[in-house]
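Inspection log for the structure reproduced underneath, given as structure tokens.
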Amino acid sequence: MKTTPEHDARIAKMTFASVYPHYVAKIEKKNRTKEELHQVIEWLTGFDEPKLQELIKDKVTFETFFQKATLNANAHLITGVICGYRIEQIETPLTRNVRYLDKIVDELAKGRKMEKILRNA
């Protein structure tokens, strides 16, 4: 699925720090914890708590965030529709990675079991 160059550029320049509070609010509203959020982020990116806090403090863009990440080998198992896009059909790697993150945060907020979210197939 093609995303527009403008859409991809906007995502690349967005800071992780600007989106992170929305992730926290979304999952806490559904009685999930910040620790669970950090667990799914670490699963996807390899970032532990101190590294995550450093990236937030440094206000890194999503482009830098995912350049520094070590994407989980099972990330490709994250499928479905997010923001009107079928994740597995997104051609731009950075946009796809951001949508992977959005999708697992959504799954956490919807009460999906952690072992399902972490896709350790």
Report summary line: Interatomic distance, CZ@R10 vs OG1@T4, rounded to 0.5 Å, equals 8.0 Å
Query raised in the report: Of all residues at least two apart in sequence or in a different chain, which pass the side chain to side chain contact (heavy atoms under 4.5 Å, CB included) check with V81?
Result: R86
Query raised in the report: About how many Å separate CD1 of I41 and NZ of K34, when rounded to the nearest 0.5 Å?
Result: 10.5 Å
Query raised in the report: Are V40 and I117 close enough that some pair of their side-chain heavy atoms sits under 4.5 Å apart?
Result: yes
Requested in this report: Report yes if some heavy atom in the side chain of M14 is under 4.5 Å from a heavy atom in the side chain of F65; otherwise report no.
Outcome: no
Query raised in the report: Do L37 and Y20 come close enough that some side-chain heavy atom pair is under 4.5 Å?
Result: yes
Query raised in the report: Do Y100 and N72 meet the criterion of a side-chain donor-acceptor pair at a distance under 3.5 Å?
Result: no
Query - I11 to T95 - nearest heavy-atom pair and separation - result: CD1-CG2, 3.8 Å
Query raised in the report: CG of L101 to OG1 of T45: how many Å apart, nearest 0.5 Å?
Result: 8.0 Å
Report task. Give the minimum heavy-atom separation between L55 and K68, together with the two atoms involved. Result -> CD2-CD, 3.8 Å
Query raised in the report: How far does CD1 of I87 sit from CZ of R96, to the nearest 0.5 angstrom?
Result: 10.5 Å
Query raised in the report: Is there a side chain to side chain contact (heavy atoms under 4.5 Å, CB included) between E63 and Q67 once you walk through the steps?
Result: CA-CA 6 Å; E63 185 170 35; Q67 282 172 349; 3.8 Å; yes
Query raised in the report: Does R119 come within less than 4.0 Å of E107, counting only side-chain N to carboxylate O?
Result: yes
Query raised in the report: Which heavy atom in F62 sits nearest to a heavy atom in T15, and how many Å separate them?
Result: CE1-O, 4.1 Å
Query raised in the report: At their closest point, which heavy atom of T61 faces which heavy atom of A12, and how far apart are they?
Result: CB-O, 3.1 Å
Requested in this report: Among V105, V24, I27, find the residue that satisfies the side chain to side chain contact (heavy atoms under 4.5 Å, CB included) test when tested with R32.
Outcome: I27
Requested in this report: Of all the heavy-atom pairs spanning G80 and E88, show the shortest one and how long it is.
Outcome: N-OE1, 3.0 Å
Query - Worked check of side chain to side chain contact (heavy atoms under 4.5 Å, CB included) between F16 and T64 - result: CA-CA 9 Å; F16 176 74; T64 302; over 6 Å; no
Query - Expected output: side-chain E42 to main-chain Q39 donor-acceptor under 3.5 Å - result: no
Report task. Just jot down the salt bridge (Lys or Arg N to Asp or Glu O under 4.0 Å) partners of K51, sequence neighbours excluded, or say none. Result -> E54
Query raised in the report: If you measure from NE2 on H7 to SG on C83, what distance do you get to the nearest 0.5 Å?
Result: 7.0 Å
Query - Listed partners of E49 passing side chain to side chain contact (heavy atoms under 4.5 Å, CB included), at least two apart - result: H38, Q53
Query - Check ion pair R112-D106 (N to O, under 4.0 angstrom) - result: no
Query raised in the report: Run the side chain to side chain contact (heavy atoms under 4.5 Å, CB included) check on M114 and E36 step by step: do they pass?
Result: CA-CA 8 Å; M114 194 61 79; E36 290 173 308; 3.6 Å; yes
Requested in this report: State, yes or no, whether a side-chain contact exists between L94 and D8 at a heavy-atom distance under 4.5 Å.
Outcome: no
Query raised in the report: What pair of heavy atoms forms the shortest contact from I78 to I104, and how long is it?
Result: CD1-CG2, 3.6 Å
